[in-house]
Amino acid sequence: MIKIRDLEKIYRTEEVETVALNKISIDVKEGEFVAIMGPSGCGKSTLLNILGLLDDPDNGSFLFNNIEVAHFNERKRADLRKHNIGFVFQSFNLIDELTVFENVELPLIYTGVKAGDRKKRVEEVLDKMQIMHRRNHYPQQLSGGQQQRVAVARAVVNNPKLILADEPTGNLDSSNGNEVMTLLTDLNEQGTTIIMVTHSEHDARYSHRIIRMLDGQTVLENIMV
Amino acid sequence: MLKHYIKIALRNLAQQKVLTVINISGLSIGIACFSLFLLYAVNEFSYDRFHTNANRIYRIVEWWEGEGREAGGSGSVCTPVAPAMKKDFPDVEYAVRMRGTGCLARVNNNVFHTSITFADKDIFHVFSFPLLYGNSQTVLQDPRHIVLTKEKALQLFGTTNVVGKALEIKTDTAFEPFTISGVAENIPANSSVQFNILCNFEHFAQTTMVQESSNNWHMTIGMEAFVQLKPGSRLAGERKRLALFRLKYLPDERPKAKKEKEAVQASFRLQPLRDIHMNPQVEGGNNPRNIWILITIAAAVLIIACINFTTLAIGRSAGRAKEIGLRKVMGSQRKQLMGQFLAESLLLSVFSAVAGLVLAYTLLPLFNQLADRELHFSLTRFPELCWLLTGLTVLAGLLAGSYPALVLSAFKPVEVLKSKIRVGGSNLFTRSLVTLQFVLSIGLIISTIIILQQLSFMRSKNIGFNKENVVMINTGSIDSKKIYPLYKQAIESNTGIVSVTAAEMGLGSNEGQMGRGYRNYKGEVTGVIEYPGDYNFLNAMGMQIIAGRNFNAALASDSTNAIIVNEALVRDVLGTTITDALGKQLVEGKGNGRKPQTIIGVAHDFNFEDLTRAVRPQLFYRPANLNASRFFVRLTAGDPATKLALLNNTWKQLVPDAPFEYSFVDEKFDAFYRSEERWSAIAGWAGGISIFLACLGLFGLAALTAINRTKEIGIRKVMGATVSQVVGLLSKDFIKLIAVALVIASPLAWYCMHNWLQAYAWRINITWWVFALTGFFAILVAVTTISFQAVRAALANPVVALKNE
Ligand SMILES: Nc1ncnc2c1ncn2[C@@H]1O[C@H](COP(=O)(O)OP(=O)(O)OP(=O)(O)O)[C@@H](O)[C@H]1O
Ligand SMILES: [Mg+2]
């Protein structure tokens, strides 16, 4: 599903030049659950943003479903992204002004789903995530674990083929964290490809494979049994 | 402490440069605009107050009132009234008549065309016009005495001390010598009484025109008369005494007026000098309503600026909610935070006030042009202005500072840190303020368009004759009886010339009207405008005769006993039909001026006055001894340059010592609408400035909204929102505000402009598309403004936005 080759990302500020990704090459197959680990600043989030088509690489090739997307413009990337990829962030990133329901509904609006269908699908997903009873609450009124479940609901409401999660348990205690990891595992078992960045070996064990990074390169891959 | 506040304030302002600049420039433009308008208003109300005896000086006015007619008066009164008042009323200390005219002045064989004013010798007793040279008690004692203003003396002689020098003046047929007996300081611009050369009225009284009028209480020759009452006199309020006085000299006015309900009652009134400039009921007076409108506009612009100032201050503070929360956690007291906010906004408002005054000072010449005034920025002359502006500055600063000071400093730190509270951009208070701004701007723009429409309507309306391509030559004081036939003959056959005619009066703005009272069909005396012109005048002007015939040079009686009247005269004075009017006789009210005249033709009404008035009764006649003051030459269409050269050269050959002065009749008619032109310019500028200010505010608010919603925009983009969707999201709220503003402003503007239009006898209808157009324009401008911010926010990389959270 994902095939990147010699991907480079270099941040240039006034004086410093940071090589965030240094000719990195990775393959992810459909249905895989991959964890990415590595010390702070090694380029994990950068990689995830590029995989998520939020950012573009400076060099190298990126095949998404066998389509070269490395040089897609903003519009094309957005189009591909909203139909195929869901995101879960460490800090949840829910919109404070919208209710739980409206937050989850958002990706459907942008993919142009009709209002009636939207309601059905949002309710389905909220049910599955067990936060239906909170549908009319605002994010500030929820606990961290609940917020992250809303975020996961939002990530999957469009039935994406790929979910990218950047430290999804980073802001949660262990029981809430485990809950989220179970949700992700369930999704993976239903066929969704998941790529997750994490600092926790415990969480990484939920995955099939761990990619370890250092200074913008992969240094090791552990296949989980 | 204060020093600390100011230091921190300066640092904060420097950090938010764009907002600070928007803030300062907005308020300073508002203050500049307001001070200029205010200066204008203060100046308008200051007219004629500088005379020592100002509250004892009155102008004699002829006053008319009656049922179905708006009461009003004219400062142009008959020649004998002023001396008669002085004679009959012991209260009258001095009576002074004044009449201005054009003349030729000769100094050392140089001839100038200039205006000259004849006044009774007591003028310097009445008015406080200081003399540079000469004794005010004696300067005009002799009919050959003459007084110049300093400016005129410099122009004619190149020096100011010209007492004793000779000056030759030609008002009638020949140059006559005068001796300069005094030099007056230049007349202040805010004086209704103006002159630059002053001559003794006794001299003027000897001219034929004045001689004819000197005992005629029915004839006016455009002369004004002033009286100064003795201290304690109440004559001005004593209508009865004035009525008896009038009856003594106009005895036949009484009986009908009492019987007939509709009768128009004429009377003499004494109008306070200080009332002249600002009383629209008397001809030539300005409407104080206009000044109030102007002050309202100025206040509106200032309010818009202050609103901006406040919303932006709130907005600037919004981004600092977290900082304040932290400060409070660190132990800062509410009082200190309030002090900080107030210091900041006061500092800004003081900056703005200074910048605003500098701006006003720079713009003053431009504004003077716009307002047709000579205003000076003198804070010593108008100390009110000084205090008002200081007060305003402090007020604006306190108002703008107090909202953030009160609201933000009252936050509970925990809530702020959890960023549960959002300030600025989207609360009801700032929304209403923005709406109000747009209500004002939209209202002003709608008004401007309607004024412009009325203006263009008045300029393009068919006024009943062909005013295009007509050159009107001012003959000054040449012997036109002799010159006119020669001039006409010399140019008439030229191919560029269509026709040549002449009249004893001009046409268009500032040319005045002459008239007499005639008996109407009810037996009352009513005013009729008289126009003495040549045989071919109506033809040459393209005026239509709709019944009867034109004047005929071959018939001797046509220059002694024949008039052509307009439709209004037939209707209002004769009360008959157009055909029945032919052959009827028109009898002068008093009957001692002119023998009854026979109507030989009826002309189609034409608007010889401005279009605020309906057409009044008018008659044309051919004086037996036509002494033309204007020649009219109709040119063929096209570039007038060579034809004008011909006119000029012919003039120079025939009258080498008189200047060739001409104007185009269509321009003279356009000149009626200077005030409308001015108003459209003022409303247009105010509207433009206010919409600019409103957009500045909108720009700032949009910026704040974009900042406040950075995270949300980032998330939405990650979810797949396109740039246009994000722009739409950010603009939608603001556009709603503008739509609301349009809905509020439209009926208000409609109401105001509907009332304004009532002053015009000939007016346009207000059409719906003016509102639609304005609304469209306002939304367009607003969207453009918001887009600057929205597009930037929408294009930003969502990764960055989310990272900052
Ligand atoms: N917008 C940016 N401008 C400049 N440098 C950047 C930018 N974003 C990231 N970097 C740099 O690129 C490198 C990789 O950053 P990245 O965020 O991918 O690290 P990370 O592995 O996700 O770290 P963490 O575990 O702390 O989240 C870092 O050195 C970082 O400083
Ligand atoms: Mg990271």
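Because the structure is predicted, anything quoted here is derived from the model rather than measured. In the text below, chain A, chain B and the rest are named by the order of the sequence lines, each starting its count at 1.
- Only the side chain of A:Arg154 comes within contact range of chain B, with heavy atoms under 4.5 Å apart.
- Of all the listed residues (A:Ile109, A:Leu94, A:Asn158, A:Thr111), the one sharing the greatest number of non-hydrogen pairs under 4.5 Å with chain B is A:Leu94.
- Of all the heavy atoms in A:Asn93 and B:Ile715, the pair that sits closest is O-CD1, 2.9 Å.
- Of the residues A:Leu54, A:Ile85, A:Asn49, the one that meets the side-chain contact (heavy atoms from CB on, under 4.5 Å) test with B:Val718 is A:Leu54.
- With a 4.5 Å cut-off on side-chain heavy atoms, B:Lys711 and A:Asp96 count as touching.
- Taking each heavy atom of B:Met719 and A:Pro107 in turn, the nearest pair found is SD-CG, 3.6 Å.
- Atom CG of A:Asn66 is surrounded by 12 or fewer heavy atoms from other residues, nucleotides or ligands within 6.0 Å.
- Interatomic distance, CG of A:Asp79 versus OG1 of B:Thr722, reported as 10.0 Å (0.5 Å rounding).
- There is no contact between A:Gln90 and chain B, counting heavy-atom distances below 4.5 Å.
- For A:Asp173, the CG atom sits in a packed shell: over 12 heavy atoms of surrounding residues, nucleotides or ligands are nearer than 6.0 Å.
- Other residues, nucleotides and ligands place no more than 12 heavy atoms under 6.0 Å from the CZ atom of B:Arg792.
- For the atom pair NZ of B:Lys717 and CZ of A:Arg81, the computed distance is 7.5 Å after rounding to the nearest 0.5 Å.
- Other residues, nucleotides and ligands contribute over 12 non-hydrogen atoms within 6.0 Å of the CZ atom of A:Phe72.
- Interface remark: A:Leu98 contributes side-chain atoms only to the contact with chain B (heavy atom separation under 4.5 Å).
- To the nearest 0.5 angstrom, A:Leu106 atom CG is 8.5 Å from B:Glu712 atom CD.
- Heavy atoms of other residues, nucleotides or ligands lying less than 6.0 angstrom from CD of A:Gln130 number 12 at most.
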